[in-house]
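The basis for the numbers below is simple: all heavy atoms, side chains too, and nothing from hydrogens, waters or symmetry mates.
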Amino acid sequence: MLDTVKIITTKRNGETLSDESLAALIEAYTCGQVPDYQMSAFLMAAFLRGMDARETTTLTGCMLRSGKVLDFGGASGRTVDKHSTGGVGDKISLSLAPIAAACGVRVPMIAGRALGHTGGTVDKLESIPGYSTRVSPNQLHRQLDELGVFMIGQTDEIAPADRLLYALRDVTATVDFVPFITASIMSKKLAEGLNGLVLDVKSGRGAFMQTEREARHLAEMLVSVGTRFGTPTVAWLTDMNIPLGRTVGNWLEVEESIACLCGQGPEDVMSLTLQLCGEMLVLADLADSPDSGVQLARNAVESGRALDIFATLVAAQGGDTSVIENPSRRQRTCLPQVVRAPEMADRFVTDLDARILGIAATEMGVGRTVKEDLVDPEAGIVLHRKPGDAVQPDEPLASFYTRKTGLSAQFEQAILSAYSFGNQAPPSRSVLIDRFTDTGWSNAA
C-alpha cells in the first residue's frame, strides 16, 4: 500500500523521491485515493524543499501518462503549439493560434484557466457566448484536418493529474515553483503529440518568475524536458513588468485579440504574437527562419485569412460568430467606472505595475480567489494610459468593470497605486528579451 505520509515526510526533510514513489503518488491522487489535504501537504513540502531535474522530469512523465496521448499522425502538416507561463493581459494565444493555422501550421491547443493573478485562455474563450472548450476526440481530429486548429481546455482524458493539481496549486500558494510549472506545462503539451513547441516564458512583476534569473532557469528546464521527450522546443524570455496590451479581463481581451487579427492591435501584443508565430512556422518546416516566418504571419493578418480562421474556429466549437464580426453586439451588463489621473500627475506615465493590476482584476472577478469561484466574463480593466503616454490631471487613466460595486473605491485606489508619473517619458523597450534553444541563449546574460 502507498505510504503517503512517508512520501510527504521524505520531501519535507529535503530528500529526493524515487521514480517509483512519485509515480505511485500521482497515480493514487489521480484515482482519488489520496485526499486534497495530503496532496496539499506534499505540494508545500516540495515547494519549500525543492525538486531536482530528475524528479521534475519524472513528475512530468507521470502526469503525462496519467491520461491519453493524442496522435494526429493522419493530419497533413506538422503539429506545433505555443504555451505561455502566464502574465497580466496575456491574450497572445487567442490571435496566435488562428494566425499560425492560416499559415498552414496544425495547432492542437490545450489551454488552461486563470492561475493566481494571471488570466487563462480557457476563461477568455468561454467569454464568447456559446463557445465550448470541451470537444469530442472525433471532432478534434476532424477540426485539425479541416481547419488546422482547435482550442480546448483540459479534459478528463488528457493529463488528468495536471488538471487536478493545477486547481490545487492555485489555492495553496504553490504556483510559482519551477518544477511544478514545468511538469504542468509539458505534461499537457506533450500529450498533444506535437512535432514542435514554442514557449513564452515571462519575467517581471506580473509573472510567476519575477526575476530574469528565475525566468531563464524555467526556460532552460522547459526546453530540457521537451528535448528529453523528443519534442523540438524553443523558448522566448519576455517582459511582464507591464501588462500586455491595453486590456485585462476575459471578454475585454477577446475584443483586443479580434483587433489584433484585423492588424489593429497594440504594438507590444502584435510584435510578440508575430515573433512567436514565426518560430512556430520554422518548427513546422514552413519558414526558413523566424524572420521569414514573421513576414508570413503578417501576410496572414493583412489578407484577412487569420480572422476568417478564428471566426470559423468559434463556429466549429459552438460560439456566436456575430460577436466576432462585431464585438459591440455582445450584450454588456457592467458599466465602466473611470479612474482619473490625480492632481499631482506629471507629464508622462513612467511605470505601471502589472502585478498590482493583475491582483485587482482577479478580485474584480476576472480570476479565482478560491477553487470554487466562477469568473465574470465582463470583469476587467481597460488601460487608457500606459508608460510613455502623455497625461494631464483628471484625464482618464483606466476604466474598470465589476459587479462588486461595493468595492469600487478599493479597486480605484489599487489601479491608481499601480501608476507612476514623471516629467520625462521612459525609454521604450521591447517585450522580447532573449531566445533559448537546446544550443543555448541567443543573448547570454
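- Between Lys68 and Glu157 there is no salt bridge, since no side-chain N of the basic residue sits under 4.0 Å from a carboxylate O of the acidic one.
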Discussion item. Does Met109 form a side chain to side chain contact (heavy atoms under 4.5 Å, CB included) with Ser93? I'd like the steps, not just the answer.
Written reply: CA-CA 9 Å; Met109 185 171 286; Ser93 291; 3.7 Å; yes
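- Proximity of Leu383 to Leu357: side-chain heavy atoms (C-beta onward) are separated by under 4.5 Å at one or more points.
- Each of Arg403, Lys404, Arg332 was evaluated against Glu378; a single residue qualifies, Arg403, per the salt bridge (charged side-chain N to carboxylate O under 4.0 Å, His left out) test.
- Looking at Leu397 and Phe421, their side chains come closer than 4.5 Å, going by heavy atoms from C-beta outward.
- Looking at Val80, Leu197, Ile99, Leu286 one by one, the single match for side-chain contact (heavy atoms from CB on, under 4.5 Å) with Met280 turns out to be Val80.
- Between Val178 and Met209, the closest side-chain pair of non-hydrogen atoms falls below 4.5 Å.
- Scanning all heavy atoms of the two residues, the minimum distance from Cys103 to Leu296 falls at SG-O, 3.6 Å.
- For the pair Arg330 and Trp251, the cation-pi criterion (under 6.0 Å, within 45° of the ring axis) is fulfilled.
- Glu126 and Thr133 are linked by a side-chain donor-acceptor pair at a separation below 3.5 angstrom, with hydrogens and angles left out of the test.
- In summary, Arg205 and Asp351 engage in a salt bridge, as defined by a charged side-chain N under 4.0 Å from a carboxylate O.
- Side-chain contact check for Asp36 and Tyr29: at least one donor-acceptor pair (N or O, by modelled atom type) lies under 3.5 Å.
- Salt bridge Glu192/Lys188: absent, no basic N to carboxylate O contact under 4.0 Å.
- Counting all heavy atoms, side chain and backbone alike, Pro290 lies closest to Arg435 at CG-NH2, 4.3 Å.
- Taking 4.5 Å as the limit, some side-chain heavy atom of Cys260 sits within range of a side-chain heavy atom of Val269.
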Worksheet entry | Pair Ile152-Gln317, side chain to side chain contact (heavy atoms under 4.5 Å, CB included): steps then yes or no | CA-CA 9 Å; Ile152 63 171; Gln317 295 187 215; 3.9 Å; yes
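- Side-chain contact between Leu43 and Gln38 is absent, with no heavy-atom pair separated by less than 4.5 Å.
- No side-chain donor from either of Thr231 and Thr233 sits under 3.5 Å from a side-chain acceptor of the other.
- Taking the charged nitrogens against the carboxylate oxygens, Asp239 and Lys202 have no contact shorter than 4.0 Å, which rules out a salt bridge.
- Looking at Arg228 and Asp438, no side-chain N of the basic residue comes within less than 4.0 Å of a carboxylate O on the acidic one, giving no salt bridge.
- Contact of the Ile433 side chain with the Trp236 side chain is not registered, since no non-hydrogen atoms from C-beta on lie closer than 4.5 Å.
- Of all heavy-atom pairs between Leu244 and Ile92, the closest is CD1-CG1, 4.1 Å.
- No side-chain heavy atom of Leu70 sits less than 4.5 Å from a side-chain heavy atom of Thr79.
- The two atoms that bring Gly50 and Lys11 nearest to each other are O-NZ, 3.0 Å, heavy atoms only.
- Across all non-hydrogen atoms, the minimal contact from Tyr131 to Leu125 is CB-O, 3.4 Å.
- The ring of Phe42 has its center no closer than 6.0 angstrom to the ring center of Phe47.
- Between the side chains of Thr30 and Glu27, no donor-acceptor pair is found at a separation under 3.5 Å.
- Once rounded to the nearest 0.5 Å, the distance linking CG of Leu272 with CG of Leu96 reads 8.5 Å.
- The existence of a salt bridge linking Lys91 and Glu256 is confirmed by a sub-4.0 Å separation between a basic side-chain nitrogen and an acidic carboxylate oxygen.
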Practice prompt. Apply side chain to side chain contact (heavy atoms under 4.5 Å, CB included) to the pair Tyr401 and Val382, showing each step before the final yes or no.
Written response: CA-CA 9 Å; Tyr401 299 79; Val382 177; 4.1 Å; yes
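- Of the charged side-chain nitrogens involved, none lies within less than 4.0 Å of a carboxylate oxygen, so that Glu279 and Lys82 do not count as a salt-bridged pair.
- Rounded to the nearest 0.5 Å, atoms CG (Leu313) and CD (Gln143) are 6.0 Å apart.
- The two residues Gln210 and Ala207 have their closest heavy-atom pair at CG-O, 3.5 Å.
- At a threshold of 4.5 Å between non-hydrogen side-chain atoms, the residues Asp90 and Thr118 do not count as touching.
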